[in-house]
2 protein chains.
Amino acid sequence: MELADIKYLFEPRAVAVIGASQEKNKVGCKLMENLMALDFKGKIYPVNTKGGEIYGMKVHTDINDIGGPVDMAVIVIPAKFVYSAVESCGRKGVKFLVIITSGFSEVGNLAEERKIVEYAHAHGMRVLGPNIFGIYSGKVGLNATFGPRDINRGNVAIITQSGALGIAMIGKTATENIGLSAIVSVGNKADIEEAELLEYLIDDEETKIILLYIEGVHSGERMVEFLKKATQKKPVIVIKSGRSKRGAMAAASHTGALAGADEIFDSIMKQCGVLRAESLQEAFNWCKFLASSPLPTGRSTVIITNGGGVGVMATDACEKYKVELLDDPVATKEIFGSVTPDFGSTKNPIDITGQALAKHYDGGLCAALKDTRINAVIALYCQTADFDKATYTDMIVKNVQKYREGGKPIVFSLVGGEEVEECIRELRRQGAPVFGDVYEAVQCFGILFRHLEHLSRAAEEAEEPDMDLECMQNILSEVRAEGRTFLLSHEAQSLMKAAGIPVPESKIATNIREAVEFSEQIGYPVVMKIASKDIIHKSDAGGVALDLLNKEEVMDAYQAIIRNARKYKPDAVIKGVEIVRMIQKGTETIIGARRDRAFGPVIMFGLGGIYVEVLKDVAFRALPLDRREIISMLKDIRSYSLLLGVRGETQRDIESIVDTIIKLGKVIRKCEDISDVEINPLTVYEQGHGAMAVDVRILLTDKNRGEKK
Amino acid sequence: MELADIKYLFEPRAVAVIGASQEKNKVGCKLMENLMALDFKGKIYPVNTKGGEIYGMKVHTDINDIGGPVDMAVIVIPAKFVYSAVESCGRKGVKFLVIITSGFSEVGNLAEERKIVEYAHAHGMRVLGPNIFGIYSGKVGLNATFGPRDINRGNVAIITQSGALGIAMIGKTATENIGLSAIVSVGNKADIEEAELLEYLIDDEETKIILLYIEGVHSGERMVEFLKKATQKKPVIVIKSGRSKRGAMAAASHTGALAGADEIFDSIMKQCGVLRAESLQEAFNWCKFLASSPLPTGRSTVIITNGGGVGVMATDACEKYKVELLDDPVATKEIFGSVTPDFGSTKNPIDITGQALAKHYDGGLCAALKDTRINAVIALYCQTADFDKATYTDMIVKNVQKYREGGKPIVFSLVGGEEVEECIRELRRQGAPVFGDVYEAVQCFGILFRHLEHLSRAAEEAEEPDMDLECMQNILSEVRAEGRTFLLSHEAQSLMKAAGIPVPESKIATNIREAVEFSEQIGYPVVMKIASKDIIHKSDAGGVALDLLNKEEVMDAYQAIIRNARKYKPDAVIKGVEIVRMIQKGTETIIGARRDRAFGPVIMFGLGGIYVEVLKDVAFRALPLDRREIISMLKDIRSYSLLLGVRGETQRDIESIVDTIIKLGKVIRKCEDISDVEINPLTVYEQGHGAMAVDVRILLTDKNRGEKK
């Protein structure tokens with residue numbers, strides 16, 4: 001059955017409250033009052049088995065008694081009655097179930113939750129929750145929550161996994177004068193997750209900024225897909241708690257969602273162009289600033305200050321948050337010469353000195369606004385004896401207005417005592433981007449520029465390299481047929497070959513004659529390895545011989561390997577001995593691809609050996625990836641410069657790393673049987689000389705264990 | 001002449017104001033008014049060539065007309081008159097000159113500044129400034145500044161290099177309800193620097209916390225000495241701006257002080273146990289918290305929360321700021337079982353649920369206070385429908401009081417709307433450690449524990465290894481005699497030997513016979529290198545031969561090296577050919593010691609090759625160092641685990657690295673001629689097998705260039 005259009009979650013035409021009540025302290029009462037408080041454009045139907053009348057409205061004892069259609073049913077009755085209410089809703093043809101009630105998967109009652117969702121889907125209904133505080137949607141005046149009654153309407157949409165924090169956030173948005181277009185509590189995410197909500201919010205014109213509070217990710221692949229789309233249209237800010245190992249444990253016990261490893265989450269958010277905030281305060285600062293600031297046309301920023309000290313601090317903060325300062329003393333002298341006293345400085349940061357009054361700031365800001373070499377302005381003020389609240393407030397309000405009209409971002413930081421603090425509070429209430437702390441102010445600019453940079457990087461189409469998928473599938477089927485969940489070395493190599501990834505030439509010899517024959521075909525020196533599915537640790541078994549230079553050495557090695565293997569594991573089935581060409585030295589790298597429980601297929605890259613093992617110097621991305629994204633991933637590792645050539649070496653063949661990643665990405669996406677592939681090492685040669693997948697490990701999903709594909 | 005005791009800068013018995021005035025807008029007027037506003041315990045003498053009477057006091061036309069003694073002269077007259085005023089002060093026997101006036105080294109007028117200090121020192125006077133806003137000292141009620149009149153007396157002492165920021169900070173301390181014991185503006189630091197001020201503040205009982213705002217460091221060695229002493233007695237917080245390259249430039253143009261490389265500064269602050277804050281807001285949060293919080297007896301912390309979401313965020317923050325959470329579910333169940341509802345959680349973070357009221361917090365906090373397994377508590381509150389400002393304010397104030405009496409630190413974070421914000425403001429005014437942001441709250445705990453950890457590490461006496469200083473000095477004198485500023489390889493090796501640092505055995509052969517003789521004494525394989533002060537790049541000159549296995553190879557190599565050298569540089573004076581034993585392979589490390597312009601002798605450690613060159617993986621410390629500090633320095637590098645042995649290797653001889661660092665430290669401290677020593681590589685062998693300084697470069701200070709020793 002076709003599921004309901006997400007539009008009606010945000011714009012329901014009629015809402016029934018199952019468990020509506022007039023008794024104070026009941027959630028059903030708070031909900032009714034909130035629903036009626038705003039100018040909701042649809043119909044409201046209280047439902048309660050007790051019947052009667054509340055708030056002057058007839059109470060229906062069953063939702064099916066309601067005459068007209070109902071888009072949304074808000075359910076606030078105890079958990080044990082919810083399923084039966086859902087059945088009634090199904091019969092009624094409700095589109096969305098907003099299940100406020102708790103007592104489901106978060107306390108271990110997963111079965112009931114699944115049963116509800118299954119029933120709902122079978123009847124075309126979608127489920128928000130359970131274990132939530134509800135949904136607010138500004139456009140239609142819907143406050144179907146048991147949170148605060150008064151919510152400022154505005155441009156920020158919030159999706160939150162934590163109910164308590166969500167309610168506190170509503171309060172905080174009001175204090176910070178942040179208007180909301182929507183706030184949705186997703187709770188246990190039994191059905192509706194962030195991805196669906198994003199789908200609606202991306203095209204919602206009222207929503208300028210999307211803020212997500214996430215504790216755990218379920219369907220990461222879809223989330224990534226919609227986050228990528230969303231960030232092309234509007235800034236998306238994420239707070240993900242459970243970063244730390246302990247935090248992840250606490251998050252798991254809290255909502256029953258397993259938090260993914262934080263490095264992976266963090267990399268993928270960057271990849272999606274999402275702005276990740278650490279704390280609520282950060283997130284709110286960014287929301288507020290981004291919702292009102294124009295997008296600049298360039299990154300050239302000037303600092304105007306009345307004190308050298310704060311100027312230096314702001315310069316430090318600009319470096320930290322990657323805000324580019326205009327570094328052209330001739331230009332800044334030209335622009336600010338007439339508004340800066342002799343003992344000031346026209347070098348960026350522009351120091352208009354401690355004697356500057358509001359009118360002098362006005363002069364400097366006006367000059368900066370007019371000049372096209374300047375794209376953005378940070379204005380700093382240290383309290384002086386001449387501070388006058390009214391004049392400064394007025395000057396700042398006017399300039400914020402002029403800058404908005406002129407399409408240039410501006411941010412202020414004022415440092416001082418109580419009067420200055422009052423001035424800041426007053427200005428923030430009026431929506432001006434003013435901060436007490438220089439770093440907070442500059443951070444907002446950093447975030448704005450990060451978003452701008454993301455917008456400038458148009459997504460490329462991910463490449464789909466040709467590969468022999470049928471051959472690959474045949475190899476995997478054979479492994480499955482043998483009941484194994486890992487590939488033997490030669491199988492893995494064949495699969496790589498089919499995927500177009502270069503591997504060292506190799507053959508399996510089943511007797512001495514073949515060993516010599518194959519060695520001569522491949523060319524000396526060669527390496528020989530035991531080929532047996534029963535011997536995983538070949539070296540331990542004495543099943544490996546390196547650097548064999550001629551026929552005699554190959555013959556000796558063959559006999560020794562077979563003898564060692566028989567001794568190591570007498571009952572091992574030995575397929576033969578694998579002959580491989582010795583690999584030339586190059587730069588060793590590791591590429592891993594796996595199915596992450598939260599995000600689906602992800603890829604990892606790092607330099608081989610101690611770089612990965614000791615320094616943990618790796619980068620992650622979610623698949624699919626285009627070339628630009630892969631290059632940015634390579635650059636993420638600290639040891640990247642080793643690929644550019646150090647100590648007299650020439651540059652390594654970076655393009656062939658990119659090719660390998662694209663191919664490996666397709667392998668894991670197309671072969672659903674594979675859970676993990678690791679090329680270790682991928683030996684990379686000089687530019688133009690390619691790379692070689694020297695060793696490859698492939699693991700299959702363990703179907704019996706029910707591991708997520 | 002003996003200089004004045006620093007005590008009289010903070011506790012002057014009589015102050016003269018040279019340039020006193022009654023004309024508003026004049027600094028001399030503001031200063032007089034500030035001086036008179038507090039209950040200053042000493043005498044105040046206005047001085048002005050105009051004479052007359054101001055504020056009911058006789059104005060002396062010359063300081064020498066004053067009858068009684070004068071400890072401090074505050075000078076606010078134009079720069080060109082200052083020197084003559086200083087002469088008058090010298091005649092009068094003034095102890096401290098507080099030169100407010102600007103227009104000296106900060107605008108390039110270094111000569112006048114130096115002249116003033118020289119004169120002052122010759123007459124036993126010390127100089128604060130110039131280019132400052134003055135000094136406030138709570139103990140004697142001295143406000144000799146032109147900043148705000150009202151300064152809260154309290155326990156925080158501030159030393160600031162930026163005047164404008166300093167004045168703004170006074171305002172901010174009042175808003176944040178932070179009391180000051182002293183604030184000193186040091187400006188150009190022509191004479192008095194942070195070290196002298198620390199010397200006084202360390203023993204000042206009123207001062208509980210010291211906050212420094214630094215832009216550039218002059219006499220770093222003394223500063224380090226006093227910072228180390230200070231942090232053993234009280235927390236010291238530093239804000240250092242000019243971290244970034246650009247910021248450092250801005251700082252340099254601002255106060256004329258060259259900011260040292262930020263990595264060095266940062267490492268040395270850590271070494272001294274100083275708490276480095278990034279922004280003013282951070283520094284003020286820490287000051288306020290540390291000034292009022294008891295020192296805990298252990299690190300075991302619990303989080304008490306009414307919402308899972310903030311609990312998880314706080315757990316993340318604890319990991320970030322290294323706050324140890326009590327991880328003992330049995331204990332926490334025992335402690336909190338009776339105060340936690342069934343659907344809450346007694347696992348840390350303790351979730352007393354969204355239904356918790358103030359009295360339930362009271363119960364939890366009381367249980368935590370009583371139990372000795374808990375050393376510190378973080379209490380979190382998400383606003384719920386039942387929030388009542390008065391009750392919560394009361395509960396928090398009472399608990400803060402009880403925790404202070406009980407010697408356990410506590411911190412609160414409240415998240416919510418306007419009422420909650422008001423509650424926070426009210427509580428902060430009352431001095432309670434309450435924050436709106438969870439991360440800010442937890443960071444304060446992190447800082448407290450860092451200070452605690454520093455206190456627990458008693459400083460060891462730095463070792464003074466025996467070395468043949470006379471021999472070392474002779475080598476250096478010979479090099480000086482030849483007019484060189486670098487040591488030849490064999491000279492450097494001899495110096496290392498004299499210092500007790502193992503070097504490969506080496507001899508200089510002046511003919512083929514000696515070459516063979518020495519090679520056989522040293523033992524094959526050997527390496528040969530040209531020995532000539534005129535040939536620095538030996539390899540380029542064809543002056544190096546490696547891995548020579550026998551007499552014949554040595555003879556051939558000798559001839560080839562001499563031939564190549566003559567061809568490379570026909571006029572080179574050739575001392576002979578150096579014969580060195582080939583070095584066994586080991587782990588290559590780099591140890592560098594140099595005289596830093598700001599901090600004097602500093603030492604650097606890193607792993608050789610790409611670790612230093614590409615990954616910039618190095619650690620710095622100021623000398624002298626004890627063993628414990630050296631170990632902590634080694635652990636600072638990311639690649640430290642390589643020294644513990646990876647991939648089947650055994651642990652390297654870490655003790656011999658420590659020994660080498662101690663010895664090299666003594667070398668640079670004792671040999672003032674040396675500007676730089678670098679051992680690269682120091683090859684380190686398995687534990688018990690020592691290390692070898694394979695190559696050593698030593699540079700001397702360039703006396704002609706007037707480089708600072």
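Contact record, B:Ala168 with A:Val415: CB-O, 3.5 Å, taken as the closest heavy-atom pair. Heavy-atom minimum distance, B:Ser279 versus A:Tyr439: CB-CD1, 3.6 Å. Residues A:Thr175 and B:Gly416 approach most closely at OG1-O, 4.1 Å, considering heavy atoms.
For B:Ile239, the part sitting under 4.5 Å from any heavy atom of chain A is the side chain, from C-beta outward, and nothing else. Residue B:Glu421 touches chain A through its side chain alone, counting heavy-atom pairs closer than 4.5 Å. Of the atoms belonging to B:Tyr640, not a single heavy atom falls under 4.5 Å from chain A. Contact of B:Glu278 with chain A is made through backbone and side chain together, with heavy-atom distances under 4.5 Å.
How far CE of B:Met313 is from CG of A:Leu280: 4.5 Å, rounded to the nearest 0.5 Å. Here B:Phe343 contributes atom CZ and A:Glu106 contributes atom CD; the two are 11.5 Å apart, rounded to the nearest 0.5 Å.
For B:Lys389, the side-chain contact (heavy atoms from CB on, under 4.5 Å) partners two or more places apart in sequence, or in a different chain, are B:Phe387, B:Thr393, B:Glu422, B:Cys423.
Counting heavy atoms from C-beta on, the side chains of B:Arg638 and A:Asp617 never come closer than 4.5 Å.
The most heavy-atom pairs under 4.5 Å with chain A, out of B:Lys172, B:Gln383, B:Glu282, B:Met169, come from B:Lys172.
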